[in-house]
2 protein chains.
Amino acid sequence: MLSLTRKTEYALIAVCHLAHVGQKVVSAREIAEQHGMPLPLLMNVLKKLNRTGHVRSIRGARGGYVLAVSPEEFTLDALIEAVEGPVHLVRCTNADINGRKCTLANPCPIRKSVRKVHELLRELLNRITVADFAYVEPEAAQSSAKAVAQ
Amino acid sequence: MLSLTRKTEYALIAVCHLAHVGQKVVSAREIAEQHGMPLPLLMNVLKKLNRTGHVRSIRGARGGYVLAVSPEEFTLDALIEAVEGPVHLVRCTNADINGRKCTLANPCPIRKSVRKVHELLRELLNRITVADFAYVEPEAAQSSAKAVAQ
DNA sequence: TGAATATAGCATCGGACCGGTACGATTTCA
DNA sequence: TGAAATCGTACCGGTCCGATGCTATATTCA
């Protein structure tokens with residue numbers, strides 16, 4: 001199950017949309033319609049991003065959302081954590097999180113190595129920012145691809 | 001859900017165990033007991049690894065399993081694919097896999113970038129091999145950690 | 001002041017998939 | 001021939017994602 005959830009997809013698209021329009025206020029409905037996403041789902045995601053402070057919400061008529069952090073500083077790791085909760089490669093990387101201890105015989109032979117891989121994954125996710133997911137499609141995606149590849 | 005399944009954990013531990021004992025035949029029961037894993041689960045995993053040719057099974061009394069590939073050439077990516085199926089960061093990276101097409105409005109603004117991230121993840125998983133998960137715990141894990149960090 | 005718009009919060013439901021179990025068949029060795 | 005061990009398949013339960021609905025709150029505008 002090494003995959004992103006659909007929530008993260010929606011969040012990524014929405015945040016890219018917000019990054020693209022700058023400081024203009026955009027309603028969830030507008031974003032949903034433009035990308036063919038289910039509105040309630042998108043709203044759930046935006047609520048979470050609002051709670052974590054990554055987007056700012058403006059209520060009422062003519063309300064909507066504005067990106068509250070700079071795209072360059074908004075890492076994929078932060079986005080995933082905001083939407084899905086913290087990333088755990090395996091359950092026992094942080095046994096104290098869910099209380100359930102690793103039941104494997106101690107010492108678990110792969111614990112250290114798994115932890116190392118976990119860190120590598122986190123590093124990768126922290127190198128990638130929302131700015132890399134530039135809201136461009138046709139050919140201009142090369143500059144963003146370069147940043148991601150770095 | 002950026003995490004490995006428990007199957008992958010079991011597979012990793014078992015393969016490390018096999019790598020550690022060299023060409024000696026080890027039964028699934030022996031591996032399970034030594035690491036406190038549920039035997040049937042481990043057998044399910046070993047069956048899959050046998051079907052993909054990564055371990056060789058010897059039936060009958062005194063039977064068991066032997067690693068069929070060199071630990072240095074057995075990548076984490078291959079192991080995950082053998083146990084869980086192919087890795088998909090998002091559903092639409094290979095829309096033809098499960099038939100279900102991406103329902104988002106085209107052109108999906110993040111498709112290209114997501115695909116790039118997907119490749120980076122695959123690269124990471126391909127750099128890590130079973131040999132990096134050396135079957136050592138106390139302090140000697142540094143040589144393997146070095147290889148992983150590379 | 002009232003209606004319309006839009007987000008906030010919570011609760012619920014269905015389905016997919018992982019984790020775990022069970023049973024019988026097959027093969028090998030003593 | 002019987003014991004040991006793998007092979008194959010089918011099944012069940014729990015968890016969590018995906019999705020929906022309703023109510024409350026805040027803002028704008030006529």
Side-chain angles (χ1 to χ4, degrees), chain A residues 1-11 14 18 24-33 36-66 68 80 83-88 90-92 97-100 102-104, chain B residues 1-11 14 18 25-33 36-53 55-66 68 80 83-88 90-91 98-100 102-104:
Chain A
M1 280 216 310
L2 215 49
S3 61
L4 301 177
T5 65
R6 199 162 281 194
K7 287 180 196 168
T8 306
E9 285 185 58
Y10 294 155
L18 292 178
K24 211 179 79 176
V25 177
V26 186
S27 72
R29 169 176 323 234
E30 197 174 334
I31 300 176
E33 285 178 354
M37 293 187 282
L39 176 59
L41 265 290
L42 176 62
M43 292 185 72
N44 279 339
V45 166
L46 286 171
K47 282 178 216 172
K48 290 187 179 181
L49 290 174
N50 178 50
R51 252 173 284 174
T52 58
H54 291 105
V55 303
R56 190 165 57 86
S57 71
I58 293 108
R59 297 173 124 190
R62 317 291 291 280
Y65 292 93
V66 180
I80 293 174
V83 176
E84 307 185 26
V87 172
H88 291 304
V90 294
R91 297 167 199 247
C92 59
I97 285 286
N98 46 12
R100 289 186 290 183
C102 178
T103 62
L104 296 180
Chain B
M1 280 215 312
L2 215 49
S3 61
L4 302 178
T5 66
R6 199 161 278 197
K7 287 179 195 168
T8 306
E9 286 184 58
Y10 294 155
L18 292 177
V25 177
V26 185
S27 72
R29 162 163 317 173
E30 195 174 336
I31 300 177
E33 285 177 355
M37 294 186 283
L39 175 60
L41 266 289
L42 175 63
M43 293 185 72
N44 278 338
V45 166
L46 286 171
K47 282 179 223 168
K48 291 187 179 181
L49 289 174
N50 178 48
R51 250 172 287 173
T52 58
V55 303
R56 190 164 58 87
S57 70
I58 294 108
R59 297 175 122 186
R62 317 289 290 280
Y65 292 93
V66 180
I80 293 175
V83 176
E84 308 185 25
V87 172
H88 291 304
V90 294
R91 297 165 199 250
N98 46 12
R100 289 186 291 181
C102 178
T103 60
L104 297 180

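So you know, we letter chains A, B, ... as the sequences are listed, proteins then strands, and number each from 1.
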If you take all heavy atoms of A:Gly53 and A:Ala68, which pair is closest and at what distance?
O-CB, 3.4 Å

Which nucleotide in the list C:dT7, D:dT6, D:dG18 gets nearest to the side chain of B:Arg59?
D:dT6

Take the protein atom CG of B:Asn44 and the nucleotide atom P of D:dC11, then report the distance between them rounded to whole Å.
15 Å

Spacing of CG belonging to A:Leu42 relative to CZ belonging to A:Arg29, to within rounding of 0.5 Å:
11.5 Å

When the nearest nucleotide of DNA chain D is assigned to A:Ala61 and to A:Lys47 on a heavy-atom basis, which residue is associated with the more 5' position?
A:Lys47

Restricting to non-hydrogen atoms, name the atom on A:Ala14 and the atom on A:Leu46 that form the minimum distance, rounded to 0.1 Å.
CB-CD2, 4.2 Å

Check the distance between D:dT20's C1' and A:Lys7's NZ and give it to me in whole angstrom.
13 Å

Nearest whole angstrom, please: distance from the P of C:dT5 to the CE of A:Met43.
14 Å

Can you see if the side chain of B:Arg62 gets near the phosphate of D:dA4 - specifically, an N or O under 4.0 Å from OP1 or OP2?
no

Among D:dT6, D:dG18, C:dT7, which nucleotide has an atom closest to any side-chain atom of B:Tyr65?
D:dT6

Which whole-number value in Å describes the distance from B:Leu49 CG to D:dC7 P?
11 Å

Does a side-chain N or O of A:Asn50 approach OP1 or OP2 of C:dT7 to a distance below 4.0 Å, or not?
no

